[in-house]
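Report on the following structure.
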Number of protein chains: 2
Amino acid sequence: MSETKDRPYHHGDLRRALIDTALDMLATDQNWAFTLREVARRTGVSHAAPYKHFRDREMLLRELARIGFVRLGENMTEAMSLGLPSTRAQFMAAAQACIGFACQNPGLYRLMFSSDADKTIDPSLHDAAMKTFGILLGLLERGQRDGSFRPVAVSALAAAGWAQVHGLAMLAISHQLLEEKVGSTPVPAALDVLLDGMCCTD
Amino acid sequence: MSETKDRPYHHGDLRRALIDTALDMLATDQNWAFTLREVARRTGVSHAAPYKHFRDREMLLRELARIGFVRLGENMTEAMSLGLPSTRAQFMAAAQACIGFACQNPGLYRLMFSSDADKTIDPSLHDAAMKTFGILLGLLERGQRDGSFRPVAVSALAAAGWAQVHGLAMLAISHQLLEEKVGSTPVPAALDVLLDGMCCTD
DNA sequence: CTGCATAAGTTTCTCCTGTAAACATGGAGG
DNA sequence: CCTCCATGTTTACAGGAGAAACTTATGCAG
């Protein structure tokens, strides 16, 4: 009973606790049918308690998705900050970070792009998604300035790059990247094909 | 009461009717929370009747997904058979057919790649998905033979092409292809970038 | 220090879903 | 014609979303 979070009030920071529990279960239970009541149960509160912090189940889902975008952005930024020599290598690293994130958090990643996480409802979710996308966009713009990427419309590079990364991530967590169809290392292979189309020097 | 389907027996072909109803609702209600009882209701039977034709709700979902892959394959094949001059143009057409299918059937498309449509459970679903993917693969192989596509591992082209198309489709139906970020025609723009990396002559 | 207003949690209730079991029916084959 | 079985229907039960009423413990006013 001192510093950390010894439930100074009824529960303490239940909102945060609920989110943590949900993220845990999302990460653990592979593909879990999200249930508010089970989140409450595992957090140790009554099934109605979450409604004091989230209007409904989807509001919690949107918050989880928002956090997912933030974390994904952190992962990608970190991968880009490894001091890799070329912009192309940095793009490759960021892409693989994104796909790795999806594979380690399939439930969360699916949620982030599901219709439950409706970005037209929650501006902060929309902003988080766009900000993470902006990381990619920034890398592409930089690469174009330094002459790595072809001088086509940056929006075309962005759409292509984003779609490629997202598509690989989705296919990976759907277990559809079978070796007999797409080879043993589909992710770098596919990214290389795309990068050949994006880069000036190939 | 004559030719079409005047319920000659208890209902007639209830299995088919349930599937049709579900596909209808999936196409109509944009993003609809699938409910067996509502499918039964709209089909005009009791809520337990579907269980005579599908072990559980997920079995119906998998069947819907399977049909989705078949239809998607038909759409892509049709687009490729328009007599377009180059293999590149045919790839572009097939890709746009896929993305168009997703936009016209967002619910079905999401289902096809959701964890509800578990391809490790139902071999016929898995086969349907792989067969549709095979259409793309066939096009790539042909394009490589006729010298349109670069002589890299075809599996790399396949992974890149598939991911690109699927990624664009998912982003499109998630309303994340905003004009201010990816331009006004992101789909052909992105596909062109990829194709520049796939094709010999650019 | 006392006591109240209020945020945060709990109980209870209603409606809905998935699914199982028991019951009904009507068409096909002996 | 009669019986069987596939294909329905009814009934029942567990579990989830969410609303409403009730409870409790803080923070603050006096």
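All chains are named by letter (A, B, ...) in the order of the sequence lines, taking the proteins before the strands, and each is independently numbered beginning at 1. Note: hydrogens, waters and symmetry copies are ignored here, and every other heavy atom, side chains too, is used.
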**OP:** Starting from C1' on D/dG15, measure out to CH2 on A/Trp32 and report it in whole angstrom.
**Re:** 14 Å
Original post:
Is B/Thr28 reaching over with its side chain to a backbone N or O of B/Asp24, donor-acceptor style, under 3.5 angstrom?
Top reply: yes
Original post:
Hey, do the aromatic rings of B/Phe101 and B/Phe69 have their centres closer than 6.0 Å?
Top reply: no
**OP:** Using a 4.0 Å heavy-atom cut-off across all strands, classify B/Ser46 as base, sugar-phosphate, or nothing.
**Re:** base
Subject >> A/Ala48 side chain, from C-beta outward: closest of C/dT19, C/dG9, C/dT11 >> reply: C/dT11
**OP:** Answer with base, sugar-phosphate or nothing: what part of the nucleic acid does A/Arg37 contact at a heavy-atom distance below 4.0 Å?
**Re:** base
Subject >> Heavy atoms of other groups near A/Arg71 CZ, more than 12 under 6.0 Å >> reply: no
Original post:
Can you check the B/Arg15 CZ to D/dT7 C1' distance for me, whole Å?
Top reply: 14 Å
Original post:
Counting just side-chain N and O atoms, does A/His47 come under 4.0 Å of either OP1 or OP2 of C/dT11?
Top reply: no
Original post:
Rounded to whole angstroms, how far apart are CG on B/Leu18 and P on D/dT9?
Top reply: 10 Å
Original post:
Taking CD from B/Glu38 and P from C/dG18, how many angstroms apart are they, rounded to a whole number?
Top reply: 10 Å
Original post:
B/Glu58 CD to C/dT19 C1': how many Å, rounded?
Top reply: 13 Å
Subject >> Among D/dG8, D/dG18, D/dA17, the nucleotide that comes nearest once only the side chain of A/Asp56 is considered >> reply: D/dG18
**OP:** Measure from the side-chain heavy atoms of B/Ala49 and tell me the nearest of C/dG9, C/dT19, D/dG8.
**Re:** D/dG8
**OP:** Indicate whether OP1 or OP2 belonging to D/dG16 is found under 4.0 Å from a side-chain N or O atom of A/Arg41.
**Re:** yes
Original post:
What residues in residues 108-119 of chain B put a non-hydrogen atom under 4.0 Å from any atom of DNA chain D?
Top reply: none
**OP:** Ignoring hydrogens and angles, state whether a donor on the side chain of B/Gln144 or B/Arg150 is under 3.5 Å from an acceptor on the partner side chain.
**Re:** no
Original post:
So which of B/Thr77, B/Leu72, B/Val70 actually passes side chain to side chain contact (heavy atoms under 4.5 Å, CB included) with B/Glu74?
Top reply: B/Val70
Original post:
Expressed in angstrom and rounded to an integer, what is the separation of B/Tyr51 atom OH from C/dA22 atom C1'?
Top reply: 17 Å
**OP:** Walk me through it: do B/His166 and B/Tyr109 pass the test ring pair (Phe, Tyr, Trp, His ring centres under 6.0 Å)?
**Re:** CA-CA 10 Å; B/His166 180 53; B/Tyr109 193 84; 5.6 Å; yes
Subject >> Euclidean distance, atom CZ of residue A/Phe54 to atom P of D/dA19 [Å, nearest integer] >> reply: 16 Å
Subject >> Pair A/Arg110, A/Ser174: side-chain N/O donor-acceptor within cut-off below 3.5 Å >> reply: yes
Original post:
Please give, in whole Å, the distance from C/dG18 P to B/Arg57 CZ?
Top reply: 6 Å
